[in-house]
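In what follows, every chain begins at residue 1, and chains take the letters A, B, ... in the order their sequences are listed. Reckoned from all heavy atoms, side chains included, excluding hydrogens, waters and symmetry mates.
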There are 2 protein chains.
Amino acid sequence: MNKKNAIERCDSPAIHENTVESVRGRLPAEDALFDLAELFKIFGDSTRIRILSVLFETETCVCDIACLLNMTQSAISHQLRILKQAKLVQNRRDGKTIYYSLADDHVKLIFDQGLIHITEP
Amino acid sequence: MNKKNAIERCDSPAIHENTVESVRGRLPAEDALFDLAELFKIFGDSTRIRILSVLFETETCVCDIACLLNMTQSAISHQLRILKQAKLVQNRRDGKTIYYSLADDHVKLIFDQGLIHITEP
DNA sequence: AGATCATATGATCATATGTTCATATGATCA
DNA sequence: TGATCATATGAACATATGATCATATGATCT
């Protein structure tokens, strides 16, 4: 077995070539993993998590969310924008007021799955 | 009703006092929400997600992970440290080699729940 | 013991991210 | 129409974060 057969794609050549090759074939697509990381990134901020936990209860306007979380309207608005771009929330206008609500049932499922991990010993 | 009864905890006074007060009582504890955001923050990075997706297949040593992901040993080691501190992975030593594996079944459940959201229309 | 291998870690640096401030937009009401 | 209210947004700034580089640690083998 000469050097050409060794896996040398990186500075740390694999120790277990068989394992590496086997696992490589079963990994999810890079794109999916990237998108998944992006999704969790959205959940990975206290402000956004708190906003979502408010919206789990009821649709809420920007102003009320700001009040509930004791933050500025601007900060909340910026984060709502991110949540909306990620399609986790949606909104509707009623006169001057804009109400935000969850876009999706998955959101709560993901949230709850995380909560289980947090609360269990 | 005088001003003292109005909710003025922030620069954006609530429009719907009843809703705000009602929701306030039902929100999860601040600590839990903070921890939850911290948890999702761990998942919110491509490298860590890719590492986890490797470990879903089999326990793997640092070197092999680096090879699989085409990254340096150091970068992987740093991220494994973060995953371990978050108790998402564990490790065992076998001679010079250190094998990492999932610490918890929840990890895959959270991962999969996110994947559902990604893959569904 | 010395050399080597696998991994860990501290410092550094560039980039990403969240909040603030000022201001813009868009709708309602007098 | 002008004033006001609710929300959105751009710029600026401070902090957080991830990769790299150099080096340390810890185990194995001769």
J.: Checking B/Leu88 against A/His117 for the side-chain contact (heavy atoms from CB on, under 4.5 Å) test, could you report, in this order, the C-alpha distance in whole Å, the side-chain angles of both residues, the deciding distance, and whether it holds?
T.: CA-CA 10 Å; B/Leu88 299 184; A/His117 185 268; 3.7 Å; yes
J.: For C/dC29, give its Watson-Crick or G-U wobble partner with both distances under 3.5 Å, or none.
T.: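 Base partner found: D/dG2.
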J.: Between C/dT7, D/dA8, D/dT7, which nucleotide gets closest to the side-chain atoms of A/Thr97?
T.: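 Minimum distance to the A/Thr97 side chain belongs to D/dT7.
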J.: Is there a side-chain contact between B/Glu30 and A/Arg50 in this structure, where contact means two heavy atoms from C-beta onward sitting under 4.5 Å apart?
T.: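 Counting from C-beta outward, B/Glu30 and A/Arg50 do come under 4.5 Å.
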J.: CD1 of B/Ile15 versus P of D/dT4: gap in Å, rounded?
T.: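 So the CD1-P distance, B/Ile15 to D/dT4, works out to 17 Å.
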J.: Separation of B/Ile98 atom CD1 from D/dA27 atom C1', in whole Å?
T.: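 Rounding to the nearest Å, CD1 of B/Ile98 and C1' of D/dA27 are 10 Å apart.
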J.: Does A/Tyr100 put a side-chain nitrogen or oxygen below 4.0 Å from OP1 or OP2 of D/dA6?
T.: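 Result: no.
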J.: Report the relative orientation of the aromatic rings in B/His16 and A/Tyr99; use parallel for angles under 30°, tilted for 30 to 60°, perpendicular for over 60°.
T.: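 Ring orientation of B/His16 relative to A/Tyr99: tilted.
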J.: Indicate yes or no: at least one non-hydrogen side-chain atom of B/Val107 is less than 4.5 angstrom from one of B/Leu52.
T.: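 Of all side-chain heavy-atom pairs linking B/Leu52 with B/Val107, at least one is under 4.5 Å.
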J.: Figure out the CG/C1' separation between A/Asp94 and C/dA27, and round it to whole Å.
T.: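 In whole Å, C/dA27 C1' and A/Asp94 CG are 11 Å from each other.
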J.: Would you kindly give the CG-to-P distance between B/Asn70 and D/dA19, to the nearest whole Å?
T.: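 So the two atoms are 13 Å apart, to the nearest Å.
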J.: Does the structure show a Watson-Crick or G-U wobble partner for D/dA24, both distances under 3.5 Å? Name it, or say none.
T.: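 Its partner is C/dT7 (Watson-Crick or G-U wobble, both distances under 3.5 Å).
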J.: For A/Ile65 and D/dA8, give me the distance from atom CD1 to atom P, rounded to whole Å.
T.: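 Computing the A/Ile65:CD1 to D/dA8:P distance gives 10 Å.
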J.: Determine: side-chain N/O of B/Gln79 to OP1/OP2 of D/dT17, distance under 4.0 Å, yes or no.
T.: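 So the side-chain polar atoms of B/Gln79 never come under 4.0 Å of the phosphate oxygens OP1 or OP2 of D/dT17.
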J.: State whether the distance check finds a donor on one side and an acceptor on the other, under 3.5 Å, for side chain B/Gln73 versus base C/dA6.
T.: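 By the distance-only test, no, there is no pair.
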J.: Please work out whether the ring planes of A/Phe40 and B/Phe43 are parallel, tilted or perpendicular, with thresholds of 30° and 60°.
T.: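 Tilted, since the angle between the ring planes falls between 30° and 60°.
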J.: Expressed in angstrom and rounded to an integer, what is the separation of B/Arg93 atom CZ from C/dC5 atom P?
T.: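 Taking CZ of B/Arg93 and P of C/dC5, I get 16 Å after rounding.
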J.: Starting at the 5' end of DNA chain C and moving along, which residue's nearest nucleotide shows up first, A/Arg48 or A/Gly95?
T.: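 Closer to the 5' end of DNA chain C: A/Arg48.
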J.: Distance criterion of 3.5 Å, no angle test: do you see the side chain of B/His78 paired donor-to-acceptor with the base of D/dT17?
T.: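 Result: no qualifying N/O pair found.
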J.: Indicate, yes or no, whether a donor-acceptor pair under 3.5 Å links the base of D/dC21 to the side chain of B/Thr72.
T.: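 For B/Thr72, whose side chain was compared with the base of D/dC21, there is no donor-acceptor pair (under 3.5 Å).
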J.: Given C/dT9, D/dT7, C/dA22, identify the nucleotide with an atom nearest to the side chain of B/Arg81.
T.: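 Taking heavy atoms from C-beta onward, the closest nucleotide is C/dT9.
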J.: For A/Phe40 and D/dG18, give me the distance from atom CZ to atom P, rounded to whole Å.
T.: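 So the CZ-P distance, A/Phe40 to D/dG18, works out to 16 Å.
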J.: Do B/Ser74 side-chain and D/dC21 base share a donor-acceptor contact under 3.5 Å?
T.: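 Side chain to base: pair present.
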J.: Could you state the atom-to-atom distance from NZ of A/Lys41 to P of D/dG18 in whole Å?
T.: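 Nearest whole value for this atom pair: 8 Å.
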